[in-house]
Novice: 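This is the structure, below, for whatever I ask next.
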Number of protein chains: 2
Amino acid sequence: MSPPAADVDLRGGELFAFLSSPQADTMNFLNEIALRFPDAVSFAAGRPHEGFFSVDLIRRYLDTYTEHLLREYDRDEGRVCQDLLQYGRTKGLIHDMVAKSLSVDEGIEVDPDSIVITVGAQEGLYLVLRALRRTAGDAVLAVQPGYVGLTGAAELVDMPVLPVRGGPRGVDLTDLGDTLRRARTDGLHPRALYLNTDFANPTGHSLSRAAREELLRAAEDSGILLIEDNPYGIFGPERENPPTLKALDRSRRVVYVGSFAKSGFPGARVGYVVADQRVDRDGRHESLADQLARIKSMLTVNTSPIGQAVIGGKLLENGFSMRAANKREIDVYQRNLRQLLDGLAAHFPAGSQPEVTWNSPDGGFFLLLNVPFEAGDDVLERSAREHGVLWTPIHHFYGDGRPRRQIRLSFSHLSPAEIDEGLRRLAGFVRS
Amino acid sequence: MSPPAADVDLRGGELFAFLSSPQADTMNFLNEIALRFPDAVSFAAGRPHEGFFSVDLIRRYLDTYTEHLLREYDRDEGRVCQDLLQYGRTKGLIHDMVAKSLSVDEGIEVDPDSIVITVGAQEGLYLVLRALRRTAGDAVLAVQPGYVGLTGAAELVDMPVLPVRGGPRGVDLTDLGDTLRRARTDGLHPRALYLNTDFANPTGHSLSRAAREELLRAAEDSGILLIEDNPYGIFGPERENPPTLKALDRSRRVVYVGSFAKSGFPGARVGYVVADQRVDRDGRHESLADQLARIKSMLTVNTSPIGQAVIGGKLLENGFSMRAANKREIDVYQRNLRQLLDGLAAHFPAGSQPEVTWNSPDGGFFLLLNVPFEAGDDVLERSAREHGVLWTPIHHFYGDGRPRRQIRLSFSHLSPAEIDEGLRRLAGFVRS
């Protein structure tokens with residue numbers, strides 16, 4: 001029952017406009033749909049596999065990191081206690097370890113001082129967009145469909161997001177050129193293009209090496225930055241991925257956003273930004289990282305050193321390689337991917353339902369399934385209620401709210417039995 | 001040596017305008033000045049006393065919280081592991097404990113669902129201002145001098161801050177009325193007044209009970225909210241403080257912002273907002289807390305459950321009373337305050353230097369010292385370099401950058417010997 005109007009304290013129309021838009025519910029929807037249907041098999045959540053998590057790991061990694069500080073930096077107990085429990089450096093505590101990890105896992109060589117440790121990659125995206133947003137004309141481009149958190153951060157800083165077609169090559173460079181030209185004709189100032197380079201969310205697409213080099217040249221030619229967000233790169237088969245954009249970047253065009261939510265623990269809430277761009281500031285030269293730190297000091301002050309220590313311990317125990325730390329998890333993701341692909345082929349054999357097709361990424365957490373109906377939130381609701389299976393409608397990754405005939409299937413946190421049962425339910429739903 | 005212009009990647013003039021303003025350095029300056037002069041005695045930093053901190057406490061509080069989840073909620077190990085290490089509820093994990101703590105320590109009775117756990121109070125301030133900022137006309141009022149973090153959060157959302165005189169009563173209600181009238185004449189839409197009610201930063205002032213009741217009536221009459229930020233309330237003598245504004249609030253005028261940085265550990269990065277205001281949203285009724293959660297989902301996703309567990313353990317071990325948990329610390333702060341007041345009286349006896357005066361708060365971390373010179377950053381630099389003593393120029397709490405004849409002395413993290421030595425150096429500097 002609605003309380004009478006006299007009991008309303010604030011009108012929605014007086015608050016941040018985004019809050020009363022339909023898109024506002026997207027991230028909460030994605031976070032909480034699993035809670036609404038606890039008995040459904042969920043191909044929706046992009047959570048990491050938790051089979052190897054344990055509370056004891058928190059203690060162990062804290063101990064490992066603490067002993068490292070005592071031994072390596074010759075710190076006394078009191079100083080270590082300060083490091084973990086007091087206010088700390090805005091740019092973070094484990095920046096040197098993150099730099100080593102980038103070198104070991106990605107061949108990215110950066111000065112640790114150009115790294116800002118953030119409260120997850122999401123805060124990193126906010127910091128980058130807030131720094132780049134000077135006037136109402138500043139815009140960010142984003143490969144679509146793409147991560148909804150980029151749109152969220154852009155909304156918070158009132159920055160328009162201009163979609164660029166992705167497609168199986170990962171980014172459509174012709175459309176990028178067209179979008180840049182149109183934006184400038186419209187009086188906008190395009191600042192950067194956001195994308196996932198490897199096993200992208202939600203498509204599973206990766207850029208080829210040639211596409212990466214072309215994209216870097218296009219960014220240089222057009223004077224925009226590339227915001228490379230790469231949470232899934234390590235979750236592939238053992239052969240080498242093509243180098244990240246940042247590893248190929250010779251002219252500081254790439255701002256690299258990293259996450260330890262998939263490779264470490266989501267609950268640590270630790271991510272980072274590599275921002276080695278040189279900024280002219282009243283005749284002095286500073287790094288973009290230092291500008292991000294100024295913003296961070298007004299937003300979250302610093303990232304919890306306890307969370308950083310847990311991630312630091314995990315890096316220390318694995319020679320700074322998150323790829324090594326996740327060997328068992330990578331096996332799980334690869335097994336789940338094969339099982340999902342095999343199961344799709346079994347449930348939808350060639351020719352049986354020509355409108356049901358899917359892509360076959362090499363790794364990551366996601367793939368795309370084309371379906372013979374517009375897959376909106378109402379359809380998902382019915383799928384969950386009547387068939388006990390959850391997935392993510394693709395329109396959430398476009399931000400325009402228009403349902404499409406495509407859904408995202410996540411396979412990262414399911415067991416083989418759940419994948420089998422989920423596919424059985426999904427096939428039943430698709431045929432219903 | 002400056003690199004040549006060709007090596008610049010971004011021009012400061014193309015970035016968020018605040019970054020090239022002199023005020024941008026303020027929070028970094030306050031965070032980092034102690035690092036620049038490691039041998040100086042620092043009356044500058046507002047850090048909590050760390051004498052009772054230990055790394056073992058992190059482990060112990062984690063254990064206490066974990067056992068509580070297992071026992072109280074009958075959760076199995078796997079579920080507890082999920083709670084601590086996976087993605088979690090946007091509004092937080094320990095909201096029920098925070099509600100109990102508010103009841104025990106402050107006599108504030110709120111529905112736990114109206115609480116959002118945040119990455120420190122600073123994120124809480126950002127969320128509240130972002131929610132209230134719809135158009136360029138929306139403005140926030142703030143008692144000045146006041147906490148620089150409010151100004152920072154307002155800058156991030158492009159919201160003007162209108163100063164309201166504080167004075168020894170804590171807030172000048174006549175000036176509040178004048179400021180509101182002037183703002184409306186100027187076409188602005190004042191949304192809220194920000195203040196610390198107890199032992200305010202930087203003044204040490206507290207509002208009397210009568211002033212609190214008058215302020216609540218003024219807020220109701222003028223249709224603004226009160227943002228009550230109360231990190232220092234528990235750090236007073238044992239007698240009762242007047243109730244907080246939120247405890248006296250009968251019409252949901254008060255948004256209460258809390259911090260565990262002083263009462264728990266800064267390194268946990270846990271704060272919270274109580275936002276029980278009812279919001280009309282397209283005919284539905286939601287709480288302001290739910291709007292803040294929507295914004296948070298786009299900013300930091302959720303607050304580290306590991307940090308929350310550490311604070312949760314501390315609350316559990318102390319009957320949900322942070323006042324009880326900080327009994328020893330409160331004794332230290334009270335001892336330090338007496339010693340600072342006695343030392344000031346000894347170094348500046350009545351009549352010897354009539355321009356050197358100070359106030360005598362009952363508690364908190366800070367007091368104000370009036371000095372016979374304009375105390376700008378350059379003067380502070382000289383004090384640190386030549387006399388080995390740090391303090392905070394008051395202009396940092398005004399945001400206009402104009403030096404005044406007043407400084408903030410913080411006494412929270414010093415030992416008795418440091419206070420004595422610091423005062424000796426400070427007296428030498430003031431007389432120089």
Side-chain angles (χ1 to χ4, degrees), chain A residues 2-3 7-12 14-17 19-20 24 27-28 31 47 50 53-55 58-59 66 80-81 84-87 90 119-120 122-123 126 130-131 133-134 152-153 156 252 265-269 277-282 285 288 291 294 297-301 304-307, chain B residues 2-3 7-12 14-17 19-20 24 27-28 31 47 50 53-55 58-59 66 80-81 84-87 90 119-120 122-123 126 130-131 133-134 152-153 156 252 265-269 277-282 285 288 291 294 297-301 304-307:
Chain A
S2 296
D7 274 6
V8 169
D9 306 307
L10 292 163
R11 281 191 297 270
E14 290 183 325
L15 298 181
F16 176 31
L19 290 173
S20 37
M27 284 188 80
N28 271 352
N31 286 336
R47 291 181 299 165
E50 65 201 24
F53 286 6
S54 82
V55 177
I58 304 178
R59 297 188 193 93
T66 303
V80 169
C81 198
L84 295 186
L85 290 171
Q86 269 290 8
Y87 288 106
T90 306
V119 181
Q122 187 63 32
E123 189 195 29
Y126 177 89
R130 179 64 276 194
R133 200 282 191 191
R134 186 176 181 98
L156 290 180
R252 297 181 303 275
F265 304 103
R269 303 302 307 126
Q277 287 69 28
R278 298 184 195 169
V279 178
D280 169 73
R281 188 164 175 271
D282 304 325
H285 292 86
L288 181 58
Q291 313 310 308
R294 278 204 181 82
S297 73
M298 306 190 286
L299 190 68
T300 59
V301 185
S304 170
I306 300 172
Chain B
S2 296
D7 275 7
V8 170
D9 305 308
L10 292 162
R11 282 192 298 271
E14 290 183 325
L15 298 180
F16 176 31
L19 290 171
S20 37
M27 283 189 82
N28 271 349
N31 285 337
R47 291 183 299 166
E50 67 203 21
F53 286 5
S54 82
V55 177
I58 304 179
R59 297 188 195 94
T66 303
V80 170
C81 198
L84 294 186
L85 289 171
Q86 271 289 8
Y87 289 106
T90 306
V119 181
Q122 187 63 32
E123 189 196 29
Y126 176 88
R130 178 63 276 194
R133 201 278 191 194
R134 184 174 182 99
L156 290 180
R252 297 180 303 275
F265 304 103
R269 305 303 307 127
Q277 287 69 26
R278 299 184 194 171
V279 178
D280 169 74
R281 189 167 174 266
D282 305 326
H285 291 88
L288 181 59
Q291 314 309 306
R294 279 204 180 83
S297 74
M298 307 190 286
L299 191 68
T300 59
V301 185
S304 171
I306 301 173

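Below, read A as the first sequence line, B as the second, and so on, with proteins coming before strands; counting in each chain starts at 1. If you're wondering where the values come from, they're calculated on a predicted model, not measured in any experiment.
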Novice: Side chain, backbone, both or neither: which part of A:Y126 has an atom under 4.5 Å from a heavy atom of chain B?
Specialist: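 Interface part for A:Y126: side chain.
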Novice: Give, as side chain, backbone, both or neither, the part of A:I306 having an atom under 4.5 angstrom from any heavy atom of chain B.
Specialist: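 Both the backbone and the side chain of A:I306 come within 4.5 Å of chain B.
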Novice: Using a cut-off of under 4.5 Å on heavy-atom pairs, state which of A:D280, A:V80, A:L299 scores highest against chain B.
Specialist: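 Looking at each option in turn, the highest pair count goes to A:L299.
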Novice: For the candidates B:R47, B:R59, B:R130, which exhibits the highest count of non-hydrogen atom pairs separated by less than 4.5 Å from chain A?
Specialist: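 Most heavy-atom pairs within the cutoff with chain A belong to B:R130.
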Novice: Given the options A:I58, A:L156, A:L84, which has more heavy-atom pairs under 4.5 Å with chain B than any of the others?
Specialist: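 Greatest number of close heavy-atom pairs with chain B: A:L156.
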Novice: Taking every heavy-atom pair that is under 4.5 Å apart, which of B:P305, B:S304, B:G307 has the most such pairs with chain A?
Specialist: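 The option with the most such pairs is B:S304.
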Novice: Answer yes or no: is there a side-chain heavy-atom contact under 4.5 Å between A:L288 and B:D9?
Specialist: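 SC-SC contact between A:L288 and B:D9 ruled out.
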Novice: In terms of heavy-atom proximity below 4.5 Å to chain B, should A:T66 be classed as side chain, backbone, both, or neither?
Specialist: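 Contact with chain B involves the side chain of A:T66 alone.
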Novice: If you count heavy-atom pairs under 4.5 Å with chain A, which of B:E123, B:R11, B:E50 comes out on top?
Specialist: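 With the most close heavy-atom pairs to chain A, the winner is B:E50.
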Novice: Go through the atoms of B:L85 and report whether side chain, backbone, both or neither lie under 4.5 Å from a heavy atom of chain A.
Specialist: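 Interface part for B:L85: both.
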Novice: Picking from B:A131, B:G120, B:S20, which has the most non-hydrogen pairs under 4.5 angstrom with chain A?
Specialist: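 Looking at each of B:A131, B:G120, B:S20 in turn, B:A131 comes out on top.
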Novice: I'd like to know which of A:L19, A:V55, A:V119 tops the heavy-atom pair count under 4.5 Å against chain B.
Specialist: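 The answer is A:L19.
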Novice: Could you walk me through whether B:F53 and A:Q86 pass the side chain to side chain contact (heavy atoms under 4.5 Å, CB included) check?
Specialist: CA-CA 9 Å; B:F53 286 5; A:Q86 269 290 8; 4.2 Å; yes
Novice: Got a second to check how far B:L15's CG is from A:R134's CZ, nearest 0.5 Å?
Specialist: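 Rounded to the nearest 0.5 Å, the CG-CZ separation comes to 8.0 Å.
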Novice: So, A:Q122 side chain and B:M298 main chain: donor-acceptor pair closer than 3.5 Å or not?
Specialist: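 Yes, the answer is positive, given that a donor and an acceptor are paired below the 3.5 Å cut-off.
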